[in-house]
There are 2 protein chains.
Amino acid sequence: MGKGDDTRAAALSEATEIAARLGLAGLTIGDLATAAGMSKSGLYAHFRSKEALQLATLASARESFNDTVMRPALATPRGEQRVRALFERWITAARDDWPAGCLFVSAATEFDDRPGRVRDQLVRDHLDLLDAIAQVFRTGVSEGQFRSDADPMQFAQDLNGVMLGFLHAHRLLRDPDAQARARRAFALLLAGARNLESQAA
Amino acid sequence: MGKGDDTRAAALSEATEIAARLGLAGLTIGDLATAAGMSKSGLYAHFRSKEALQLATLASARESFNDTVMRPALATPRGEQRVRALFERWITAARDDWPAGCLFVSAATEFDDRPGRVRDQLVRDHLDLLDAIAQVFRTGVSEGQFRSDADPMQFAQDLNGVMLGFLHAHRLLRDPDAQARARRAFALLLAGARNLESQAA
DNA sequence: TCGATGGCCGACCGATCGTGCTATTGTGTG
DNA sequence: CACACAATAGCACGATCGGTCGGCCATCGA
């Protein structure tokens, strides 16, 4: 088991880029084979079904996300600093049209109404992501920087919303101010978690 | 011009639902014909290309959005009350798996990397939406309820992010708390716009 | 009553979809 | 060097894709 693994990894890298542009469903075996410089059947032998290819592509994107965003963030000091590092890594990668990030967003909207293994995996990945955000946020609570009655899962959904709003403004509208607005939104989020001012209905 | 228009409108209604589930690209002429109880060619005669069908479906969804959310909101008193009405109409419709709302979100992520008339139209619609939100927000500024130095476009992107975060949590994760969290996020947004506390880096 | 026209259908086109089966090539090991 | 086997290619399949065409009805104005 030597060369095959390299070929598979290279194909998955191509697959991530294609799927980021055309969606996981739009990722075609023929297109991927052409992009990887292989025959359709030669490539198909690595994944024995399209669903398996989609799951493998998703797994590849998940690793890219962990390597690029999650693990480096977890290496920084606990507390608000780590929350900031997480956001910073995330939005910087997303700004550069980072394929793995776009893939997760597009796949989530693509498969939210299509039951199956792909959707199940997406749900797991998304739950893991939100849990990780919440966990990072909790380090800020235990360090005393955030309010102890703040809801970590609330923060996770809010931060996810900030990133989604940014991605829409950045990738669809090509808005040059999108990143600055996302930073301000994130700052407002932090401010709301820090002291004890705002609790409207 | 009598019966044909009814058929077309009915087909577009079906098209919106299918596209909300499978995406604008996944909306197939054959599937739509079956759903509409027509032959493929009979239906196809109403739209002379798939791109035209996609644009017509988008236009139909846009009207649904304006009828369901925008116009009723604009009929309420100016200021914060109108902003609240906008949010309330929006999230209530989205909670019920309202097809038109899902369609715009999925289409936006689907076509953000596919140049063409569909993408162009999506950009126009999205800009119109953000402008409308900003305009509603401005009525709150001129009524003195929101800070005069608040950025309406910032509020628009933020509110859009709240809705996107909600849709992800609701439709992909089926999170029963998603709506409550979205309301709290919206409340935080309003609180940040009201007085002059938070302006962190 | 007759002809025109709008609305719809069945059959069909070439291309491409996902997916098998059968070679043939390449590569690491004894 | 030869053998075993992993890796890739060739080819074909049924289905479905977007799209075209000729023609059959129903309606309606003259």
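A quick note: this is a predicted structure, and the numbers were derived from the prediction, not measured. Naming convention: chains lettered A, B, ... in sequence-line order (proteins, then strands); numbering from 1 in each chain.
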### Query
Within the structure shown, what part of the strands sits under 4.0 Å from A:Leu27 by heavy-atom distance: base, sugar-phosphate, or nothing?
sugar-phosphate
### Task
Would you kindly check whether a donor in the side chain of A:Lys40 faces an acceptor in the base of C:dG18, or vice versa, at under 3.5 angstrom?
yes
#### Entry: Residue pair A:Thr57 / A:Thr16, side-chain donor-acceptor N/O under 3.5 Å
no
### Task
Among the candidates C:dG10, D:dC17, D:dA9, find the nucleotide nearest to the side-chain atoms of A:Ser41.
D:dA9
#### Entry: Residues touching DNA chain C, which here means a heavy atom under 4.0 Å, drawn from residues 42-61 of chain B
B:Gly42, B:His46
### Summary
A:Met38 CE to D:dA7 P, in whole Å, measures 10 Å
### Contact list for residues 59-78 of chain B, test side chain to side chain donor-acceptor pair (under 3.5 Å), sequence neighbours left out
B:Arg62-B:Asp125, B:Ser64-B:Trp98, B:Asp67-B:Arg71, B:Arg78-B:Ser142, B:Arg78-B:Glu143
### Message
Please tell me if A:Thr28 has a side-chain N or O lying less than 4.0 Å from either OP1 or OP2 of C:dC17.
### Response
yes
### Query
Any ion pair linking A:Arg21 and B:Asp113 (charged N to carboxylate O, less than 4.0 Å)?
no
### Task
Compute whether any side-chain donor of one residue and acceptor of the other, for A:Gln81 and A:Arg84, lie under 3.5 angstrom apart.
no
### Query
Cut-off 3.5 Å, side chains only: do B:Asp158 and B:Gln154 have a donor facing an acceptor?
yes
### Task
To the nearest Å, give me how far apart CG (B:Leu32) and C1' (D:dC17) are.
14 Å
### Length of the CG-C1' vector between B:Leu22 and D:dT16, whole Å
14 Å
### Message
Without decimals, in angstroms, what is the distance between A:Asp31 CG and C:dA15 P?
### Response
16 Å
## Note on the structure
Residue set satisfying side-chain contact (heavy atoms from CB on, under 4.5 Å) with A:Glu110, at least two apart, ordered chain then number -> A:Leu24, A:Ala25, A:Arg114
### Query
Nearest to the side chain of B:Ser39 - D:dC11, D:dG19, C:dG10?
C:dG10
#### Entry: Below 4.0 Å: OP1/OP2 of C:dG7 and any side-chain N or O of B:Thr7
no
